[in-house]
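Working notes for the structure below.
All values derive from a computational prediction rather than experimental measurement.
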Amino acid sequence: MALFFRFLRIQFLKVRSVFPKIFLASVLTFSLLSVIAFLFVRNMNFSGNKQKISIGIVGDLSSKYFEFGVNALKMVDSSRFFLDLQLLSEEDAKKALRKRKIAAFVVVPDGFFEAVECGENNLQVSYYTSGGNSGVEGILKDEVAEIVTTLLLHAQAGIFGMERIALKTNQLKNLREDNYDLNLKYVKWTLDRTKFVRVEETGLSEGLSVTSYYLISLLLVFFAFFGLGSLSFFISRTQSQRTFFALNGISSVNQIFCEFLVYFFLQTVVLLFACALLYVFAVSDLVKIDLWKYSGAFSGVLSLFTAFLPVIVLLSSIQFFLFEFNVNQIALVSLQFLSMTALAFSGGCFYPLDFFPEALKNFGKLSPLGEAFSFVNSIFSNKFSFTCLMIMVLYSVIFFFLTCALRKVRVKEGL
């Protein structure tokens with residue numbers, strides 16, 4: 001046991017010599033990422049004047065109903081707050097779509113409104129969007145189709161149904177006035193439809209606001225690539241030294257455990273610095289987190305610090321496993337960078353998982369950084385996820401023992 005603590009002390013002495021370099025690299029990296037994230041979030045408009053989705057409308061401008069209907073949508077309908085409707089020719093609409101100036105365009109066939117007026121549904125509105133749009137444009141297409149089907153067809157059925165009933169029951173005295181009143185009621189219900197429901201913004205990913213999402217992503221990406229800035233820590237010991245320690249009674253498991261404790265301590269110090277910096281930003285209103293309005297900045301930062309401790313353990317175990325291959329410095333850096341980039345992307349750190357295909361979305365949620373993201377979010381939202389914590393612990397244990405197995409193989413090769 002005394003030998004174990006002596007070896008642990010040696011590791012702390014070793015990290016003390018390389019700590020200034022690692023800390024300086026970490027501060028510069030974190031500051032750069034913070035500035036990028038801050039400028040990105042600050043330049044996004046959260047005041048309600050959000051960027052609108054541009055939709056082209058193609059139709060017969062000579063129709064008395066067409067231009068009136070489009071202008072009514074642009075001036076009085078609630079869709080004007082998120083849709084920018086543009087009257088275009090079909091050729092101009094196709095060019096604008098190819099240049100990504102519009103998200104989609106709708107073609108209203110000639111005589112469509114006259115057919116609806118006569119109770120016919122033999123003409124179809126066509127909706128065109130660029131290929132591969134599975135995000136907002138795809139969702140918008142489904143919503144527009146549902147709205148048109150519900151509002152138009154139901155209104156048409158109600159109006160003509162009333163006329164048929166009036167004709168069958170011989171109630172023709174005020175039919176023209178009743179028809180006019182019913183049309184006005186359908187128009188009013190259409191324009192007032194947002195009053196019938198409560199609209200809530202569920203956030204970018206798992207209910208997070210944009211600021212909260214990028215804050216968690218920033219910290220996850222930073223600690224995922226922390227190993228690159230700590231290269232001097234991992235390459236400071238040669239293979240002969242590892243073999244020497246193993247021959248003198250310090251097993252591979254004890255070696256890695258001591259190194260792991262020192263590396264975890266190093267990352268905890270950097271995490272404290274990052275949280276202190278975040279607290280300063282939050283108090284000075286440079287960073288506004290909705291979930292901290294009632295709990296306060298200090299309580300929020302403290303919960304974030306607590307949530308990231310097991311995340312650091314997980315990321316450290318992965319980094320130790322990757323660095324244990326120890327081929328050469330260029331190969332190690334490449335392996336770390338490519339592996340962590342893939343894990344960060346699949347875990348939703350660069351792009352919300354909600355916009356991924358279903359298969360990739362399910363894989364991402366179960367990936368190490370996907371579970372880490374979900375766990376931090378659960379703490380961030382005051383909804384502790386014991387399942388995510390256990391999966392993270394399982395990942396950490398697996399990578400730790402894989403590292404030990406690799407170390408044993410390398411020690412045997414050195415004998």
N/O donor to acceptor pairs below 3.5 angstrom from side-chain atoms of residues 218-227, sequence neighbours left out:
none

Close side-chain approach of [X] and [Y], heavy atoms under 4.5 Å:
X	Y	result
Ile55	Gln86	no
Phe264	Leu309	yes
Ser346	Phe363	yes
Leu402	Ile398	yes

Would you compute the distance between atom [atom1] of [X] and atom [atom2] of [Y] and round it to the nearest 0.5 angstrom?
X	Y	atom1	atom2	answer
Asn254	Arg407	CG	CZ	11.0 Å
Met340	Cys349	CE	SG	11.0 Å
Ser396	Ile391	OG	CD1	11.5 Å
Ser334	Leu228	OG	CG	9.5 Å
Leu88	Leu97	CG	CG	10.5 Å

Residues that [X] engages under side chain to side chain contact (heavy atoms under 4.5 Å, CB included), provided they are two or more places apart:
X	value
Lys101	Ala96, Lys99
Phe384	Phe375, Ile379, Phe386, Leu389
Ser89	Glu91, Asp92
Val269	Phe19, Phe265

Aromatic ring centroids of Phe257 and Phe320 under 6.0 Å?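 No.
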### Message
As a quick check of understanding, evaluate side chain to side chain contact (heavy atoms under 4.5 Å, CB included) for Phe350 and Thr341, giving each step before the final call.
### Response
CA-CA 9 Å; Phe350 297 146; Thr341 300; 4.1 Å; yes
Original post:
Given the rule in the side chain to side chain contact (heavy atoms under 4.5 Å, CB included) test, do Val313 and Met392 qualify, once you have shown the distances and angles that lead to the verdict?
Top reply: CA-CA 9 Å; Val313 173; Met392 288 171 58; over 6 Å; no
Notebook entry, point to check: So Val262 and Leu266, side chain to side chain contact (heavy atoms under 4.5 Å, CB included) or not? Walk me through it.
Noted result: CA-CA 6 Å; Val262 174; Leu266 177 63; 5.7 Å; no
task: Could you go through the side chain to side chain contact (heavy atoms under 4.5 Å, CB included) check for Val397 and Phe401 one step at a time?
output: CA-CA 6 Å; Val397 171; Phe401 282 106; 3.5 Å; yes
Between Phe260 and Phe400, what is the ring plane arrangement, given parallel below 30°, perpendicular above 60°, and tilted in between?
perpendicular
inquiry  = With a 6.0 Å cut-off (strictly less than), is the heavy-atom count around CZ of Phe273, excluding the residue itself, greater than 12?
reply    =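 Enclosed.
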Residue pairs passing the side-chain hydrogen bond (donor to acceptor under 3.5 Å, both in side chains) test with at least one member in residues 263-283, sequence neighbours excluded, are Tyr263-Gln319, Gln267-Ser316
